[in-house]
Amino acid sequence: MAKFILLMFICYYCGLEPIFGLLSKRNVSSEYLSSLNQEASEGFLWNNTRLPQSVIPLEYDIFLHPNLTEARFSGKVEIKCVIRETTNFVVLHSKDLVISQTTLTTIPSNEQKEVRMQMKNDTDQLFLIMEDAIPKDAEILITIVFDGILGINGDGFYLSEFFTSNKSSRYLASTQFEPASARKAFPCFDEPALKANFSMSIVREKKHISLFNMPRVHSIPRKNNLVLDTFQQSVKMSTYLVAFAVGEYKGKSKLTKSGVNMTVYYDRTSLMETVDFSLDAGGIILDYFNTLFEVSYPLPNLDMIAVPYHIAAAMENWGLITYRKPYLVIPINSGYGRKYRAASVIAHEIAHQWFGNIVTMLWWDDLWLNEGVASFMQYLGLQAFDNEWSMENFFTEKINSMMSEDFTNSRALNQPVAVPDFSIFNGVTYAKGASIVRMVRGLLGEKAFMNGIKTYLNQNKYSNVVSDDLWQALSNSSDDGIDLKAVMSIWMGERAYPLVTVRRNNSEIQISQEPFILKNNTISRTTPIWTIPFQYGILDQHGHFSRKMFLLREETATIKISGHFKLVKGNYRDDGYYRVNYDPESWKAITDQLMTNHEIFSPGDRAHLLNDAVSIFARTKPLNMSVVKDLLNYMEKETDFLPWFSASHSFGILIKLRLKDTKPEVKVLMQKVATVATKALELIENQLQAKENNKGYKDAMKEYMVNLIRRINSRVSDSSPSTLRPSTDKFTQKMD
């Protein structure tokens, strides 16, 4: 059997899928395969990578029979469609499938049309060509019988392997369709805007379970120890959200307060109690989003399954979320970091049930509407699950995104995508997208922002959107009538981000903007002028901050400030996606205040004062190093996470630029980091000793901080590029 599976994998990876079709039990003649190849060499009636809009799918009825032992599957799909424009051909997608039978009938007359098939391999497009045209508004039923193989690369319908306690091998067949791999499991209209309802039937071995997006309706025994499972029809959704799985799994369930049956599925090597954390987190976060968005989660179930091999951390399939095992199966004695990361991934995927599933981007150009918004919302879900996991204390997205933009020629948030692939799922899509959403919330205010989000969801349920739809909904909720489409135009289309310089002049401040360019990143040929939501804080003589907002639409502006004040903090509360520099007197006022009482600034403010200062210092026209040293002085009292995360990344910038080798003063700066980190470590350890009987999350966080500062300390002590290489990955991936 092992040789048989190996042979099929060789066929697959060498592009010999038709040979596999001949190996399968279905009767596929060599003459038939030759005719397909002959058709493929002819001209095509449609020459666009996108599908025509003349035929729209309404419903799919899918039958699948996977054979996990032989790593193959057979199937049949019936697709009910409506004709939008009179046409004599239908174009849909199919990839790596051997099609043995195709019929097309009109509804309700049940008239069968003669169909000629043609395959365009470079676009995965399957043409069904008829002699007679079908008129507009008619309905048709397409039936296709096919065979395929279960791959091993984590894409499409694939196998992954796990081992029992006695080291015997077991397999799970599961799916990963985003962005464009549903076509590998069944012929379909594989574009996000072509939503439809899906029904599913799966044949499985009796020892296995099968899962689909929706609950199972019934199971019918068949001969040879097989079972046929039939599932409820899905809501209207995109093909990339369809999911199914077959394997020797078990599950643990709970009913959420909002009445959704939530089940975590895991392989038989895991203990039942190892899914309690995920089940609790998932239930609380789902109920919270249900209340927050005022749009109910529409399915009766939400299943989450731990997959042995997953190409991503997780996938938000509607009603059947797939995860890498470490993010779902959490041993009871797991550390703070692993629990945080698991809860973060769970919150992100559940946020997608609204942002991506209920409302879906029209095309992959606007993928950030899925990933960026979900990345922002996950922080709200995290805090609902554990109040200490607040956005104010843990929002690392901006630091990660800015560092990525500083060192790479990253894409803009809105950038044309001809053919989607995994490269579009990058730091800009997730981290910059989340940071931009946060900036918009700061501009509008919490209430107006959430009102706009609710409007956006309600107006576009089960539909597809572009960025302007979000901006319009949020603009309509604005108390000040802000035109967000105009405000966000440059932010969406430009790769770079701005630096705002603040200069104090008695009772007024002068602000100016320019693109921040550290290394290698490019901007448009003309210098962009952003519309910047410049949120600033005024610290009065009594030690109280007042928040102000100014829309900087030009290169420079002057803001008058009434009354006596100690300092002005730009990008107050750290909502904006820009860096801030100050005149020397303003920097001194800030560093003096940090030494007096650093907690008057939020953790995010403290984090980005340091991150901005180091990044500006690293530019061609650097900030005076004394400012960075003065900022570091207060950090011997710093015990919060985000400023030390910022320190780790900020000084990684200097090492990545090799400034330690070219500027002797940078070595002094590194030694300064080691000194303050050691003092902060002593303070944190004393706090832990004073609370040694308290095993709550706060102590777990401080224990983690000890480890983080130790890593910073060791890095600056041996700061060669190989040992101090800054990471642009999500920090929480390193928290285990």
Side-chain angles (χ1 to χ4, degrees), residues 12 17 49-51 55-64 66 73-81 90-99 119-121 123-126 142-151 153-159 173-202 210-214 231 233-246 307 310-312 314-322 352 356-357 360-364 367 370 417 419-422 424-425 464:
Y12 179 73
E17 293 86 350
T49 57
R50 300 280 295 276
L51 295 179
V55 181
I56 304 298
L58 301 175
E59 297 178 0
Y60 290 78
D61 192 349
I62 305 166
F63 168 86
L64 287 174
F73 63 94
S74 58
K76 182 177 80 170
V77 61
E78 295 180 343
I79 313 173
K80 181 181 178 181
C81 304
V90 178
V91 188
L92 64 162
H93 290 111
S94 178
K95 185 174 184 179
D96 299 340
L97 298 174
V98 174
I99 297 173
M119 189 71 209
K120 195 170 189 289
N121 291 315
T123 58
D124 306 331
Q125 289 175 342
L126 173 65
I142 300 169
T143 303
I144 303 175
V145 180
F146 56 91
D147 292 275
I149 63 171
L150 295 167
N153 62 349
D155 189 27
F157 191 19
Y158 70 98
L159 282 178
S174 60
T175 58
Q176 170 60 41
F177 290 160
E178 191 179 32
S181 292
R183 64 193 70 176
K184 292 184 176 183
F186 57 96
C188 57
F189 296 81
D190 202 8
E191 293 185 359
L194 297 175
K195 293 186 173 186
N197 302 98
F198 293 82
S199 298
M200 173 65 72
S201 298
I202 299 177
S210 69
L211 300 171
F212 176 57
N213 301 81
M214 300 294 290
F231 298 85
Q233 188 181 64
S234 77
V235 295
K236 190 178 179 182
M237 64 183 184
S238 305
T239 49
Y240 79 87
L241 294 171
V242 175
F244 36 89
V246 178
V307 178
H310 204 298
I311 200 167
M315 175 61 205
E316 66 268 17
N317 314 299
W318 212 343
L320 179 56
I321 305 174
T322 52
H352 268 309
N357 298 10
T360 312
M361 79 268 147
L362 183 69
W363 182 246
W364 302 101
L367 178 60
N370 285 18
V417 175
V419 179
D421 57 31
F422 285 111
I424 64 177
F425 296 85
N464 296 85

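Residue indices begin at 1 and follow the sequence shown.
For K95, the side chain to side chain contact (heavy atoms under 4.5 Å, CB included) criterion is met by D124, R183, K184, not counting sequence neighbours.
Considering all non-hydrogen atoms of both residues, L97 and A185 come closest at CD1-C, 4.2 Å. In terms of heavy-atom proximity, I202 sits nearest to F244 at CD1-CB, 3.9 Å. Pairing each heavy atom of I321 with each of M315, the nearest pair is CG2-O, 3.1 Å. S181 approaches Q176 most closely through the heavy-atom pair CB-O, 3.7 Å. Nearest heavy atoms, P57 versus A196: O-CB, 4.0 Å. The two residues I424 and D421 come nearest to each other via the heavy atoms CG1-O, 3.1 Å.
Once rounded to the nearest 0.5 Å, the distance linking CG of L211 with CG of N317 reads 11.5 Å. Taken to the nearest 0.5 Å, the CG atom of L126 stands 10.5 Å off from the CG atom of L51. With rounding to the nearest 0.5 Å, the separation of OG1 in T143 from CG in D61 is 9.5 Å. Rounded to the nearest 0.5 Å, atoms SG (C188) and CD1 (I62) are 8.0 Å apart. Summarising the geometry, atom CG belonging to N197 is positioned 8.5 Å from atom CG belonging to L58; distances are rounded to the nearest 0.5 Å. A distance of 8.0 Å separates CE in M200 from CZ in F231, rounded to the nearest 0.5 Å.
Looking only at side-chain heavy atoms (C-beta outward), T175 and L320 stay at 4.5 Å or farther from each other. For the pair F425/N370, no side-chain contact is recorded, criterion being any heavy-atom separation below 4.5 Å from C-beta on. Within the 4.5 Å cutoff, side-chain heavy atoms of F198 are placed close to those of F212. Annotation: side chain of L64 is not in contact with side chain of V246 (no heavy-atom distance under 4.5 Å). Y60 places none of its side-chain heavy atoms less than 4.5 Å from the side chain of V242. Side-chain atoms of C81 and V90, non-hydrogen and from C-beta on, never get closer than 4.5 Å to each other. Counting heavy atoms from C-beta outward, E78 and F63 have side chains that stay 4.5 Å or more apart.
Under the 3.5 Å distance criterion, the side-chain polar atoms of N213 are matched with a main-chain donor or acceptor of L241. Between the side chain of E178 and the main chain of A180, no donor-acceptor pair closer than 3.5 Å is present. Here the side chain of S238 pairs a donor or acceptor atom with the backbone of P192 at under 3.5 angstrom. The backbone N or O of E316 lies less than 3.5 Å from a partner atom in the side chain of N357, making a donor-acceptor pair.
Relative orientation of the F146 and F73 rings is perpendicular, given thresholds of 30° and 60° on the angle between their planes.
A ring-ring contact (aromatic ring centres under 6.0 Å, His included) with Y240 is found for one member of W364, W318, F177 and no other, namely W364.
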Carefully, step by step, assess I79 and L92 under the rule side-chain contact (heavy atoms from CB on, under 4.5 Å).
-> CA-CA 11 Å; I79 313 173; L92 64 162; 4.0 Å; yes
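Side chains of T239 and D190: a donor-acceptor N/O pair is present below 3.5 angstrom, by distance only.
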